[in-house]
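Notes for the one structure printed next.
Bear in mind that the values here come from a model prediction, so they are computed numbers and not experimental data. One is the number of the first residue; the rest follow in order along the sequence.
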Amino acid sequence: MATVNNGFLFSVFLVSLMFCHAVAYDPLDPTGNITIKWDVMSWTPDGYVAVVTMNNFQMYRHIITPGWQLGWSWAKKEVIWSMVGAQATEQGDCSKFKGNIPHCCKKTPTIVDLLPGVPYNQQFQNCCKGGVVAAYGTDPAASVSAFQVSVGLAGTSNKTVKLPKNFTLLGPGPGYTCGPAKIVPSTTFFTPDRRRKTQALMTWNVTCTYSQFLASKNPTCCVSFSSFYNETITPCPSCACGCQNKNCINGDSKLLSTVGINTPRKDNAPLLQCTRHMCPIRVHWHVKLNYKDYWRAKIAITNFNYRLNYTQWTLVAQHPNLNNVTQVFSFDYKPLVPYQSINDTGMFYGMKYYNDLLMEAGPFGNVQSEVLLRKDVDTFTFKQGWAFPRKVYFNGDECMLPPPDTYPYLPNAATMQAQTVLPSFFSSAFLLILLVLW
């Protein structure tokens with residue numbers, strides 16, 4: 001009987017682990033989420049006018065083009081009379097209305113942001129960015145999206161309003177799970193001169209969290225390694241991002257000159273360059289130089305997707321020596337300290353208007369930088385793969401690393417003199433040529 005009980009408890013434990021993975025706890029960003037706030041600003045004869053604000057509190061995961069899609073189910077027979085700063089993708093059946101026709105009559109509306117450059121009378125504060133929302137860690141001011149909605153056939157007081165249900169968020173693909181709407185204390189607002197404070201008539205929040213497991217069954221990026229002290233280049237694992245039914249094309253194919261080959265699809269299906277790993281993104285970490293008090297690593301990010309430019313990309317690395325970053329040369333850098341006692345994680349991202357856009361696959365489809373780190377004599381070593389990161393995330397998704405036993409090893413015959421400057425084994429250009437061949 002004890003065996004049966006133990007087996008049952010073990011099964012429950014496994015199920016709980018799967019559930020935890022689905023609801024997406026990120027140890028490097030434990031408080032990261034997207035919070036959607038509804039503020040009822042005024043009552044109308046048959047409903048209310050609300051401001052809906054989407055706040056991205058994730059440190060390194062942003063919403064890329066083609067942007068977010070927000071959906072829900074109305075609790076009663078509500079309709080959307082009008083919207084400012086966003087629009088419903090479908091109007092639905094509004095045939096029962098004889099006079100004014102609502103903007104949307106669907107029971108389950110889907111809302112999208114407006115594109116930049118729409119007329120001023122259609123704009124709202126923090127709207128009209130095509131649904132692109134920056135990560136809070138890279139640009140807090142751009143991590144907000146908002147719109148105004150006028151709801152009819154709804155309640156006209158705090159006691160008669162019914163909260164929408166079954167919220168969904170695509171950002172832009174699957175991966176987000178939204179909880180139920182919860183009434184919270186009303187949001188307060190200050191007038192421009194900050195001498196008067198007002199508040200919303202009613203406020204409710206919806207919290208959405210991200211799960212890489214729900215977003216994709218396979219990883220979306222991989223990592224390769226090399227070093228100056230070993231001729232071996234450790235490539236991404238074969239089929240790191242899955243090789244089943246992948247749509248790929250050789251880098252020297254004449255089809256690449258076809259008009260429209262780089263046009264994104266509505267279903268976001270990628271067109272990959274054929275590689276061993278079959279990943280849209282490869283991150284390469286090269287241990288470049290060893291100085292007396294410092295060491296230097298080079299980071300290169302390559303895009304193998306012919307149909308997607310990565311805007312406002314982020315790269316997160318976990319490495320014990322990131323607590324002593326001295327200089328990052330052509331990326332912006334910010335340490336991430338999810339736990340106050342541990343400082344081993346940092347976020348790299350592109351400099352605005354310089355390399356914050358990672359171009360589609362091709363000759364310009366890569367960005368690279370170098371990082372200089374101060375040595376800690378008590379912990380520094382090149383042995384056992386210490387110089388390589390423990391985890392790597394690109395745009396918030398964890399990348400597949402090579403098996404530890406394949407890392408470039410420190411030759412036994414080599415005497416690593418920490419007091420001597422050692423030359424780089426590979427020149428940057430030669431290393432890049434080798435990497436493109438994978």
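At a cut-off of 3.5 Å, with distance as the only test, a side-chain donor of N33 or T35 sits close to an acceptor on the other residue. Using a 3.5 Å distance cut-off with no hydrogens or angles, the side chains of H284 and S226 do pair a donor with an acceptor. Remark: the S216 side chain and the N218 side chain contain no N/O donor-acceptor pair separated by less than 3.5 Å. Judged purely by distance below 3.5 Å, without hydrogens or angles, the side chains of N366 and Q368 pair a donor atom with an acceptor atom. Y210 and D29 form no side-chain donor-acceptor contact under 3.5 Å, judged by distance and modelled atom types alone. No side-chain N or O of N205 forms a donor-acceptor pair with one of W38 less than 3.5 Å apart.
Applying side chain to side chain donor-acceptor pair (under 3.5 Å) to E370 and the options H286, K298, K288 leaves one that passes, K288. Remark: of the listed residues N290, N321, D293, N290 is the sole one forming a side chain to side chain donor-acceptor pair (under 3.5 Å) with K375.
Using a 4.5 Å heavy-atom threshold, the side chains of R296 and F228 count as separate. At least one side-chain heavy atom of Q212 sits under 4.5 Å from a side-chain heavy atom of E398. With contacts defined as side-chain heavy-atom distances shorter than 4.5 Å, the pair T177/L214 qualifies.
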Using the disulfide (SG to SG under 2.5 Å) rule, take C279 and C221 through it: C-alpha gap first, then chi angles, then the decisive distance, then the call. CA-CA 5 Å; C279 290; C221 53; over 6 Å; no
Requested in this report: Show the numbers, then the answer: is there a ring pair (Phe, Tyr, Trp, His ring centres under 6.0 Å) between H319 and F388?
Outcome: CA-CA 7 Å; H319 188 286; F388 300 105; 8.5 Å; no
- [ ] Start with the C-alpha distance between D39 and K37, add both sets of side-chain angles, then the distance that settles salt bridge (Lys or Arg N to Asp or Glu O under 4.0 Å), and finish with yes or no.
- [x] CA-CA 6 Å; D39 289 313; K37 181 178 65 172; 3.7 Å; yes
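The aromatic rings of W74 and W72 sit perpendicular to each other, their planes meeting at more than 60°, with 30° as the lower class boundary. Relative orientation of the W313 and F331 rings is perpendicular, given thresholds of 30° and 60° on the angle between their planes.
Cys pair C241 and C222 fails the test of SG atoms under 2.5 Å apart.
A salt bridge is defined here as a Lys NZ or Arg NE, NH1 or NH2 lying under 4.0 Å from an Asp or Glu carboxylate O, and R61 with D26 meets this definition.
How far OG1 of T207 is from CD1 of I36: 8.5 Å, rounded to the nearest 0.5 Å.
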